[in-house]
S.K.: 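One structure follows; several queries about it will come next.
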Protein chains: 2
Amino acid sequence: MTAQKNDKKNDRSSRTTGKPTLNDVARSAGVSPITASRALRGVSTVAEGLAEKVRQAAADLGYVANPAARALASKQSHNIVVLVPSLANQLFIETLEAIHAVMHPRGLEVLIGNYHYSRDEEENLLRNYLAYQPRGLLLTGFDRTESARRMIEASGVPAVYMMDLDPGAGLHCVGFSQIRAGEAAARHLLKSGRKRLAYIGAQLDQRTLLRGEGYRRALQQAGCYDPALEVLTPRPSSVGLGGELFRQLLASHPQVEGIFFGNDDLAHGALLEAMRHGIRIPEQVAVLGFNDLPSSEFMVPRLSSIRTPRKAIGTHAAERLLDLINDKPVNAPVMDLGFELMVRESS
Amino acid sequence: MTAQKNDKKNDRSSRTTGKPTLNDVARSAGVSPITASRALRGVSTVAEGLAEKVRQAAADLGYVANPAARALASKQSHNIVVLVPSLANQLFIETLEAIHAVMHPRGLEVLIGNYHYSRDEEENLLRNYLAYQPRGLLLTGFDRTESARRMIEASGVPAVYMMDLDPGAGLHCVGFSQIRAGEAAARHLLKSGRKRLAYIGAQLDQRTLLRGEGYRRALQQAGCYDPALEVLTPRPSSVGLGGELFRQLLASHPQVEGIFFGNDDLAHGALLEAMRHGIRIPEQVAVLGFNDLPSSEFMVPRLSSIRTPRKAIGTHAAERLLDLINDKPVNAPVMDLGFELMVRESS
DNA sequence: CTGAAAGCGCTTACAG
DNA sequence: CTGAAAGCGCTTACAG
């Protein structure tokens, strides 16, 4: 027995899809296709009686508009393109879900592009997705190629930038200050009187670097910045890597008193490694994470972290984009959602 | 300063998009649009000289084909639709990435639909996405509404089912036997002589239930099945939930000797909770997880788990789908990729 | 409030 | 190997 019926697919005798079209609906409702189109879209004024008949006919036939035809005729799709650097990071999933929750009820399809922290890949995705004539663009951060920047500008498609803030540039952005978050992390660790503080960051995307910069600034201000205690690697962030880097740092600098990790998973790895080797947290070394993933509060000891508003970022970025699409007036382009220091047991 | 230039978007004076079209490319290359189309798609035989001229012209103009027009004319999109029950679970992300890696180089766009473990949501997604005339469908498991099943069948779009196997149904599926995986888990725990064994599952999607069933069968066969030790909850799986359920089970049944968790994150929560309360793993209770997430081997103690081939599932499901799309002969519809028991410190 | 005509940007089917 | 004509299924712009 063959596993798949391909009757329709192989039927090349006609150029039609075989699905009911607007014409079918119109005929069945006894109106012209234009009226059917208007009734279904709820635009223009169609007599309520007719509109109802059309909707009924559409429902009876199981009519679903062909998005390709619609996009071609109106030169507008119902697509929103979201570009994120990673799906492996739980953080972006939560943002994506929030975006979907505001777009979907409005009939907008969310196309997700993952550029794997690669500027070139982002540029390619942009080129491809722009061909789909999206209604709007939701982008992550500001670190992209010149040519990507130009494409966005030239497309005229409304765009909102998520995660970081870029005051002054005039771009619409929803997020929080990565630099200030890094500073807050440092200040928290300094408050306990610790001086030998380290930063461990991976992936080295712009936001990780910015967090590091804020951290550095605060330490410099406190007069205790030591470049040797800044551990940066381009390797992707993971629990395993966190443990490895933690071990190495303690081996080379046993006197470290506190570590700020650019990501929670890195910090998880450190906590686990500490446990394995009997290193007492926070007595010997304080540990502070970033993002406050759902599992962080269940770590042993419970991980202190900086909670970031990634769900709210998704929601507000999506709503802002909707405003731009609908030409609604917007007060200020920059929307700062802040962050929250969660002090638990590890620091 | 307004944040967004909307010149093009607001230009309603013409019905065109302003982007270069096939016609522009053809004119610039001095050929007819059909020839340009053929040259760009690499179909039919176009004299190499002309083809090269066309490609050059397209590159010069920065031409990108309009997918809507293409889909409308050819009644075939370049879309592959993938429907997964969750993005929160790292597992599906890995599968998605693998799918993307085989589809993208072939010019196919992967549309991701997340139905949040809801049959109704999956049915809606299917209805919407089918309107996009996808080239193929990649679906998760077999648990769906009758009407979703009919839509798939009626659409004639080739489909491959991922994760579980369904021998005999004739559907193309790539995965492993969830039941046998559950049995293997039970047998492993039994081998150490432990008899009072529990299963803790959350979310209660079909695969979690199937794992439980396999587990139950094996215990019944060994004559030590106790329904009181089967803990099932529809709540979504998480580290926090794992700890909570673990604590409750030990409180009500202190004599439990081993626990199989339907998901690694649940098991992580248990390990952490055990550590917090000084419960020795595996001496007092053995713990076995499922999926073998990347962080599992770094837990304390290192988590034993059943490793599932989610990346390979994505790769092979995608390749199988490509075969179906291209009408290549397929030997057997069922592709069993198996699973692997990873015995570490927790069991 | 409703509709006939034209067009969106491609590809198909048919010629040559 | 190349092209003129027609058409995919919608919506726009223009009438009435």
Side-chain angles (χ1 to χ4, degrees), chain A residues 8 10-54 58 61 63-78 107 130-133 135, chain B residues 8 10-54 58 61 63-78 107 130-133 135:
Chain A
K8 284 207 184 168
N10 291 334
D11 175 12
R12 291 267 179 254
S13 59
S14 112
R15 293 186 62 176
T16 67
T17 60
K19 293 178 189 162
T21 70
L22 230 210
N23 264 311
D24 300 328
V25 174
R27 202 175 314 125
S28 159
V31 299
S32 72
I34 318 90
T35 300
S37 168
R38 286 197 272 245
L40 259 16
R41 278 178 299 152
V43 302
S44 241
T45 32
V46 176
E48 190 39 49
L50 281 191
E52 183 46 35
K53 260 207 277 192
V54 172
L61 292 170
Y63 171 75
V64 180
N66 180 327
R70 175 170 276 185
L72 186 57
S74 68
K75 57 176 185 167
Q76 281 219 342
S77 72
H78 286 205
L130 245 16
Y132 285 82
Q133 293 168 184
R135 284 290 254 290
Chain B
K8 285 208 184 169
N10 292 334
D11 175 12
R12 290 271 180 252
S13 60
S14 111
R15 294 186 62 178
T16 66
T17 58
K19 294 179 191 161
T21 69
L22 229 209
N23 264 311
D24 300 329
V25 174
R27 200 174 315 123
S28 158
V31 300
S32 71
I34 318 91
T35 300
S37 167
R38 285 197 273 246
L40 260 16
R41 278 178 298 151
V43 302
S44 240
T45 31
V46 176
E48 191 39 47
L50 282 191
E52 184 46 35
K53 259 208 277 192
V54 171
L61 292 170
Y63 171 74
V64 180
N66 180 328
R70 175 170 275 185
L72 186 58
S74 68
K75 58 175 186 169
Q76 281 219 343
S77 71
H78 285 204
L130 246 15
Y132 285 81
Q133 294 168 184
R135 283 292 254 291

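Per chain, numbering begins at 1; letters A, B, ... match sequence-line order.
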S.K.: Nearest 0.5 Å, what's the OG-CG distance between B:Ser37 and B:Asn23?
M.R.: 11.0 Å
S.K.: Send over the distance from B:Leu61 CG to C:dG9 C1', rounded to a whole Å.
M.R.: 15 Å
S.K.: Select one nucleotide: of D:dG9, C:dA13, D:dT12, the one nearest the side-chain heavy atoms of B:Ile34.
M.R.: C:dA13
S.K.: Just how far, in rounded Å, is P of D:dG9 from CD of A:Gln76?
M.R.: 22 Å
S.K.: Round to a whole Å and report the spacing from CZ of A:Arg38 to P of C:dA4.
M.R.: 11 Å
S.K.: Taking for each residue the nucleotide of DNA chain D with the nearest heavy atom, is it A:Val64 or B:Gly30 whose nucleotide lies nearer the 5' end?
M.R.: B:Gly30
S.K.: State which of C:dG9, C:dG3, D:dG9 makes the closest approach to the side chain of A:Ala73.
M.R.: D:dG9
S.K.: Would you mind telling me which of A:Arg135, A:Arg70, A:Gln133 makes a side-chain hydrogen bond (donor to acceptor under 3.5 Å, both in side chains) with A:Gln76?
M.R.: A:Arg135
S.K.: Closest-nucleotide mapping onto DNA chain D: is B:Val31 or A:Ala68 further toward the 5' terminus? I mean the 5' end.
M.R.: B:Val31
S.K.: Applying the side chain to side chain contact (heavy atoms under 4.5 Å, CB included) test to B:Val46, which of B:Val54, B:Ile34, B:Val31, B:Thr35 qualifies?
M.R.: B:Thr35
S.K.: Can you tell me which nucleotide in D:dT12, C:dC1, D:dC10 comes closest to the side chain of A:Arg41?
M.R.: D:dT12
S.K.: Write down the partner of C:dA13 under the Watson-Crick or G-U wobble criteria, each distance required to be under 3.5 Å.
M.R.: none
S.K.: Say you draw a straight line from OH of A:Tyr63 to OG1 of A:Thr21; how long is it, rounded to the nearest 0.5 Å?
M.R.: 7.0 Å
S.K.: In whole Å, what is the span from the CZ atom of A:Arg70 to the P atom of D:dT12?
M.R.: 10 Å
S.K.: Rounded to whole Å, please give me the gap between CD in A:Gln133 and P in D:dT11.
M.R.: 15 Å
S.K.: Nearest whole Å is fine: how far is D:dG9 P from A:Leu72 CG?
M.R.: 12 Å
S.K.: With rounding to the nearest 0.5 Å, note down the distance linking CZ in B:Arg27 to CG in B:Leu61.
M.R.: 9.5 Å
S.K.: Check the distance between C:dG7's P and B:Asn66's CG and give it to me in whole angstrom.
M.R.: 18 Å
S.K.: Would you say a side-chain N or O of B:Tyr132 is under 4.0 Å from OP1 or OP2 of D:dG9?
M.R.: no
S.K.: Counting only Watson-Crick or G-U wobble pairs whose two distances fall under 3.5 Å, which nucleotide matches C:dA4?
M.R.: none
S.K.: Give the rounded distance in Å between these two atoms: NZ of B:Lys75 and P of C:dT12.
M.R.: 10 Å
S.K.: Between A:Thr35 and C:dT2, is there a contact of a side-chain N or O with OP1 or OP2 at under 4.0 Å?
M.R.: no
S.K.: Nearest to the side chain of B:Ser32, which nucleotide is it out of C:dG3, D:dG9, D:dA4?
M.R.: D:dA4
